[in-house]
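Every chain is numbered from 1, with letters handed out A, B, ... down the list of sequences.
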Protein chains: 2
Amino acid sequence: MSTIKDIARHAGVSVATVSYVLNNTRYVSPDKRERVIAAVQELNYVPNAAARGLRVRESRTIGLIVSDISNPFYPDLAKACEDVAQQYGYAVHMINTNDQPERMRQAVSQAREGKIDGLIVTTALEADRELLQSLLDREFPVVLAHRRLEGLDADLIESDNYEGGMLAARHMLALGHRRIAFLSGVAGSPISERRVAGYLQAMREAGIDVLAEWVLPGEAKYANSYERMVQYADMAPDTRPTAIINVSDIGAMGVLDAAADRGLRVPEDVAVMGFDDLFLAAFRSVRLTTVRIPRYELGRQATELLLKRIGKAKTERRHVVLPVDLVVRKTCGSEQADG
Amino acid sequence: MSTIKDIARHAGVSVATVSYVLNNTRYVSPDKRERVIAAVQELNYVPNAAARGLRVRESRTIGLIVSDISNPFYPDLAKACEDVAQQYGYAVHMINTNDQPERMRQAVSQAREGKIDGLIVTTALEADRELLQSLLDREFPVVLAHRRLEGLDADLIESDNYEGGMLAARHMLALGHRRIAFLSGVAGSPISERRVAGYLQAMREAGIDVLAEWVLPGEAKYANSYERMVQYADMAPDTRPTAIINVSDIGAMGVLDAAADRGLRVPEDVAVMGFDDLFLAAFRSVRLTTVRIPRYELGRQATELLLKRIGKAKTERRHVVLPVDLVVRKTCGSEQADG
DNA sequence: GTATGGCATCTAATCGATTAGACCGGAGGA
DNA sequence: TCCTCCGGTCTAATCGATTAGATGCCATAC
């Protein structure tokens, strides 16, 4: 593997001149410039990233923290992040925390080692606040994407979860439902909380008292949502919720399957909605009505913002709220055309 | 940000001693050891990765190349890779090539810059062979996972695609089908080719002549598979294939939806199978019979092998073939129990 | 009392880039 | 003719770690 010295020797110039040519940092006479370029080609030279990074104190790498890349919410966001990063010459470290603070600690450590120049955090728990704040205190760029973390002084790109909750509830209300349940996420999830708040607001506006049993927290996964739906299915038909809004599409799939297993027809006996608009929500056999979350856009904007932050002096924190929209399909029974 | 010199000064020892304590490379007296540890804690010291990397010529990072992380095949594999890497103290660079050779070139460049110590490649095209071989020629560790690349002298962890093709075809044959089609992937995909080869072998063993129109190459995506199924649906019922094997589950979803749109019942009018066993294949509304590909295991073993390669002298190339298995659900009509 | 050896620790070279500041030669002005 | 200035290029310091080899101290042996 050749070094800058080899190039300098081969081209008959100094290492400084080689560096000037490679980085375009000073004028170099055409003749020497050409000799440098030729030497680079001939020796197939690629500069060493560690040496460069040590000197200029940057790694040209950003970190992306997700709780679990195999959760279908994240791949689109991760893709956006990588697309943008590539474009700007940055690499992406992917870190799955599995919601363990230990993993977040490792990520923060990578930041302090200088392995990454900035961090995009899609899932930060309460327990991670102090850790992330310690980075921010050192002026290390951190952008929250998707999930906010109250009390953390970082940039935030999120979608309009409150509006999403309203949209969902109003859709059900417009279809004539009154007993509308909301299968929320785990207690303390700010995403879930905002969506529930929107739902509650819409219900209030409609003059409906929301029964405690209608808002059931739990894991936004298939299995747990399935179980929660089974509870509803076992209630008497005249008290059972006629509409179920789910905090995630994956959870909605569990609800759909539980309903079918219990002999309830969708949408005749129960209307079902999700959140996210995953690819699978569009399948003909599913056709889930849902609130679309702009996942790619979340990742794109978070990465653009992070890269803007890197190297720049501290600026005003940004808080971007992306619009969401209702995607009407079949599971609430109101599809317009092709049924 | 403090450096090793600060720690040395603070603890009243030399930088060498600090390094010995931190890396456990030489005996250090308990008293100095403790002073070093105290200084590290007090100054909140974290060693600089670039400086270390420059000196010892390693980045403790590996690269993972996928064609597109938003293709649901890859997240499980990527997760496995990251899980194993974390465990060994390595970070993971995720690189989406989108099947563009340009992106592969960037990845190879990262390797040569020393940004990564090894590379896991899940999708290498013919066009990438030379590039990857150039890495191997420099003794840079490369492991192919999932997709082989003929003529490349690298380690390979794949699943038994040939056996999978046989399993699928035999299942259809056992159910009494004779006109069995195989919607394959794009021409030149070795994964698809092996699966088709297994299918052809099973058909041969059953004494059935496979019509050219039964093996339709195309993109293994939803839309393209949908279109191909439409073609079949338009054939006369007595010549139309009664069974469709798909090279991917996502493609099978397209087939399922096309069949439904054309008024064909599954499995009564057409039996449908996929490959992969994605999470969505298990949904009640889908219940896709498929050949399970051990995605997590693929990623796990590839990463373990890669890490074994890194730093070790050149050893014999390994070729691991993981077993696949048939997952019988509803789309071929032979489900045993809970239908 | 001096020589020997071993052990803990130190000094300084090194990795491969970037870049501040020195240097040198030629042009232009006095 | 001499001085100044400027532009092109060079030398060498620097980033922060690791580690080879030097050093100095102390115990033991003669």
Could you run down nucleotides 15-20 of chain C 5' to 3' and tag each one B, S or - for protein heavy-atom contact under 4.0 Å?
BBBBBB
What salt bridge (Lys or Arg N to Asp or Glu O under 4.0 Å) pairs are there with at least one residue in residues 61-72 of chain B, not counting sequence neighbours?
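Residue pairs with at least one partner in residues 61-72 of chain B: A:Lys79-B:Asp68.
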With A:Arg55, which residues qualify under salt bridge (Lys or Arg N to Asp or Glu O under 4.0 Å), at least two apart?
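A:Arg55: no salt bridge (Lys or Arg N to Asp or Glu O under 4.0 Å) contacts found.
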If you define the side chain from C-beta out and look only at heavy atoms, does anything of [X] sit under 4.5 Å from [Y]?
X	Y	result
B:Leu144	B:Leu152	yes
A:Leu77	A:Val66	no
A:Thr3	A:Asn48	no

For B:Tyr296, check side-chain hydrogen bond (donor to acceptor under 3.5 Å, both in side chains) against everything at least two apart and list the hits.
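Partners of B:Tyr296 under the side-chain hydrogen bond (donor to acceptor under 3.5 Å, both in side chains) test: B:Asp83.
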If the plane angle is over 60° it's perpendicular, under 30° parallel, otherwise tilted; pick one for A:His146 and A:Tyr74.
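Rings of A:His146 and A:Tyr74: perpendicular, over 60°.
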Identify whether any heavy atom of A:Ser29 sits under 4.0 Å from a base atom; if not, whether one sits that close to sugar-phosphate; answer base, sugar-phosphate or nothing.
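The residue A:Ser29 makes sugar-phosphate contact but no base contact.
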The criterion is side-chain contact (heavy atoms from CB on, under 4.5 Å); which residues satisfy it with B:Pro47, sequence neighbours excluded?
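For B:Pro47, the residues satisfying side-chain contact (heavy atoms from CB on, under 4.5 Å) (neighbours in sequence not counted) are B:Tyr45.
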Near-strand residues of residues 31-39 of chain A, defined as heavy-atom separation under 4.0 angstrom from DNA chain C
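Heavy-atom contacts with DNA chain C come from no residue of residues 31-39 of chain A; none.
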